[in-house]
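Data first, discussion second: the structure below is written as structure tokens.
Just so we're clear, the structure is a prediction, and the values are computed from it rather than from any experiment. Here is how names work: the chains are called A, B, and so on, in the same order as the sequence lines, proteins then strands, and each is numbered from 1.
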Amino acid sequence: MSETPHRYTAELADRVEVAWQDRWEEEGTFRAPNPAGPWADPEGVACRGPNGKLLVLDMFPYPSGAGLHVGHPLGYIATDVFARYHRMLGENVLHCLGYDAFGLPAEQYAVQTGQHPRKTTEDNIVIMKRQLRRLGLGHDDRRAVETIDPAYYRWTQWIFLQIYDSWYDETAARPDGGLGKARPIADLVAQFEAGERPVPGEDGRGWIDLSAAERGEILDSYRLAYTTEAPVNWAPGLGTVLSNEEVTNEGRSERGNFPVFKKNLRQWMMRITAYADRLADDLDRVDWPEKVKAMQRNWIGRSQGARVGFPVVGSGESIEVFTTRPDTLFGATFMVVAPEHPLVDGLVPQGDWPEGTKPEWTGGAETPAAAVAAYRRATSRRSDVERQMEGKDKTGVFTGAYATNPVNGQAVPVFVADYVLASYGTGAIMAVPGQDERDWDFAKRFDLPIIRTVRPAEGHDPDTAYTGDGPAVNSANDEISLDGLGVAEAKERIVAWLEDKGAGHGTINYKLRDWLFSRQRYWGEPFPVVFDEDGVSHALPESMLPLELPDVPDYSPRTFEPEDDSSEPEPPLGRVTEWVEVDLDLGDGIRHYRRETNTMPNWAGSCWYFLRYLDPANDEAFVDPANEAYWMAPQANPVEGAPVGTVDPGGVDLYIGGVEHAVLHLLYARFWVKVLHDLGHLTSEEPFRRYFAQGYIQAPAYTDGRGTYVEASEVEETVPAIGGEPVFTYRGEVVTREFGKIGKSLKNMVSPDDMYRAYGADTFRLYEMGLGPLEHSKPWDTRAVVGSQRFLQRVWRNVVDEETGALVVSEEAPSDELNRLLHKTIDAVRRDFATLGFNTAIARLTELNNALTKLEAAPRAVVEPLVLMLAPLAPHIAEELWSRLGHPDSLAYEPFPVADPELLVDATVTCVVQIKGKVRDRVDVPADITEGALRELVLALPKVEQAIAGGVRTVVVRAPKLVNVVPA
RNA sequence: GCCCCCGUAGCCCAACCGGCAGAGGCAGCCGACUUAAAAUCGGCCCAGUGCGGGUUCGAUCCCCGUCGGGGGCACCA
């Protein structure tokens, strides 16, 4: 029998923690009341949230087969601490966690193990739930939604139909004064029917004259969710197509790293480009890390410029280019079109090279047609990876055609080159080598003329393009002169001139493309859409939702050789004929339809899960409007740092998660929320009002001589002689240490289960929060966890006798000094919790506790606030101590200690005396000493008198803390 | 190549508005407890802020340059 049976050990922590987790669950401690909906509890809202509400959110976790590692809970603990703190401030806090359970990894795992993805997914969720529960997170357990639940994806499908049944009206006024918003497609049909809007098409037929198929095609060109045949990213190794956001720079799939090919396929798209401006502009209205905003702005890639037509010599055609530098038009000495540009065929003249063709322009071919054909063939065969590898060496051939520069009538040669991208701008450029590095390189390579139209700054290398600002030169014709103007003004002038001449117009261009929304996989939400015999799509009525994913014997996708770009996607649902072929009555009697066999990407479920958290039991609506407004509505004051006059967009109060979703999930969710807002379903215009990007927990990983990772847990460390570097060995072989993301691939998994066992959840929580700032990536060090345990042991010992279990706090009042320390600690900890500075909060609490440890017995008047302040970080031990201190109720809603401002300042402070900025003396003075008195007092100090024997130049007084004397 | 962030003790990190470089933890060392060890407890040691300039009475903090680390973008016209 141990002599200290009541010591705070891992075993004791385990008992205490599990007991409190049970009690929280039984009492529904963290269930947040809703104002409306099926759980309407307005009274609960009123008494639980006298100080308002708080919606705290974690990124939607994917239940992986490997279970959690110690990196996963970092954000969950942080939000939990924040949420618990705010509950103690008297706010109604909603914090919960659900599961994003559709998607590729689950399906691949299922295929590997021969089990149904539903089975493996559900098993994984069970494991993850157990691991998370053991962490002691204060989640509202009723709100743990799962995307694979038909009661959930019914609403994912419903939202899809809202988007499908909408179009973007550029001219519609928004409440915020801007123009453009989503409207029901029925409004558009009404406009066509009434003749208020011209029906697209050249034959002048009216809406009623069109066939159903023709109408369907026109509507598809407006719908925010539509099918179209377009070049898409096809990954044969995955058996599915992917969105642009899911393809890496190297032209491979983000998941699985398979090669991706461009292929023309009919696919579902989301018209996210309609929202490009608002998605870019509204970043000013949210509180996000600047780097994430920058990444989104970058991805949207808005650039202001002009479109200019260059008439092709000897043809009625004109090549339209996009340029951000219309001010440099006079320096456009040639043009380049992308190899895939549809105009190329029409450009190339029959017969021989024209007069003036330089030998290097021909690519060695006899005729322009041969040269262009050969070049196009060569580029189409090269993958993006190969183009990348070739660096920036410019290639291309002359098309044999010339086009006329509209500002000076010069005929300039037109080239085909792959440095111009078909997918950006108009797929054609005017080349201005004097002011563009890429054009400069091309001009040098192909011996083309270079005209500078901006005078380079002093010291500019004359052998390079000049892209900076400066006065225009060589930029005049009979009607207009830009000479002498700066870039900005020159742009304005020339655009006005072009518009006047009808040669071009100012415009805005975006890098953002529409979002490819279908996948040829089984494990996803089915599209609530059917096609009739003409191929026209029809929405299923709401009454037919959810359209359940059929249980099929063969759910594995057809995958191909990763390099086989001739393959075609084959969705698994396409094999379920009895499901695909249906007879339905959609309003004009029973007819035969074919279901959509693609499924949605797993971003679909995560685009709106936070809305379902608000009202998960509602089967009348995806969320009750009153609940949405309560938790998400725009607030009276905009976020800090927003431009003056900003109207708050509303949204989740705090969202914490890794930065890896900066342009995927975060952009998609913003888009959906904006559409739903436009359609009147949401008060909020943004999903995430405040987003905080957490750092990663990194762990040591070890490689052997061949560079292969070895199991980190089996590596031994030996520290040789003093001062020597530690040596790491694995099975006798010396290995090299590095730090990286925790996971299977680096073989450095550390499971939270091990931490619970060895230390308990509170110690683990404290360790992760105490490591350093939340936004930093930090190395995991299992050996260091013990420090957090020691702290909790010392706290415990200040309250409980380790031998008898008796309460040992003193009922005597604390000393003035201790009381002041307590109040300073309260003040600091409150500030730290508010700003997510958990590491410094822990340091302050440790300091306060260390002061108690030195006493014979810790006074209750200090212990109780200490326990309350510790509660958000280490809730189990805090609950246990609180209970032992004689409080029967959970402390979850106990008011957080308040600092007395009187006690934050000491009666006397130490004033630093500097001479010429160097500390030379210090003196204790009353805290409220006046500047004059302090000055006199310091000047009378012996050391100072000595130093200023030769006179005084200045005396800087910062009462009461500092005086700096500068002798003459 | 361009843009952003970060360099403080052996390691992770503090330092309010430009005002004494150190709060907390790990590791190390010494001591207490122990037959011993582990655990625990008490104590100690350790940097002048990557480097070079500048502004200032005074710089970890502001400015310029430079080196190192991390991240983003990368023919986007």
Return the pairing partner of B:U35 with a 3.5 Å limit on both distances, Watson-Crick or G-U wobble; otherwise return none. none
Report the base-pairing partner of B:A21 (Watson-Crick or G-U wobble, both distances below 3.5 angstrom), or none. none
For the P atoms, the ones on B:C61 and on B:C17, what distance do you get once it is rounded to whole angstrom? 15 Å
Integer angstrom distance from the P of B:U55 to that of B:U60: 16 Å
Would you give the length of the straight line joining atom CG of A:Asn849 to atom CD of A:Gln793, rounded to the nearest 0.5 angstrom? 11.5 Å
With the side chain of A:Asn839 defined as its heavy atoms from C-beta on, choose the nearest nucleotide among B:A14, B:C26, B:G19. B:A14
With the side chain defined as heavy atoms from C-beta on, A:Tyr424 is closest, among B:A77, B:A23, B:C12, to B:A77
Flag the pair A:Phe442 / A:Phe334 as yes when their ring centroid distance falls below 6.0 Å, and as no otherwise. yes
Are the ring centres of A:Tyr767 and A:Trp780 closer than 6.0 Å? yes
Between A:Ser303 and A:Tyr424, do the side chains contain a donor N or O and an acceptor N or O under 3.5 Å apart? yes
Just checking, any donor-acceptor pair under 3.5 angstrom between side chains of A:Asp832 and A:Thr840? yes
Taking only N/O atoms, report every protein-nucleotides 30-35 of chain B pair under 3.5 Å with atom names and distance.
none

Parallel, tilted or perpendicular for A:Tyr691 and A:Trp288, by the 30°/60° rule? perpendicular
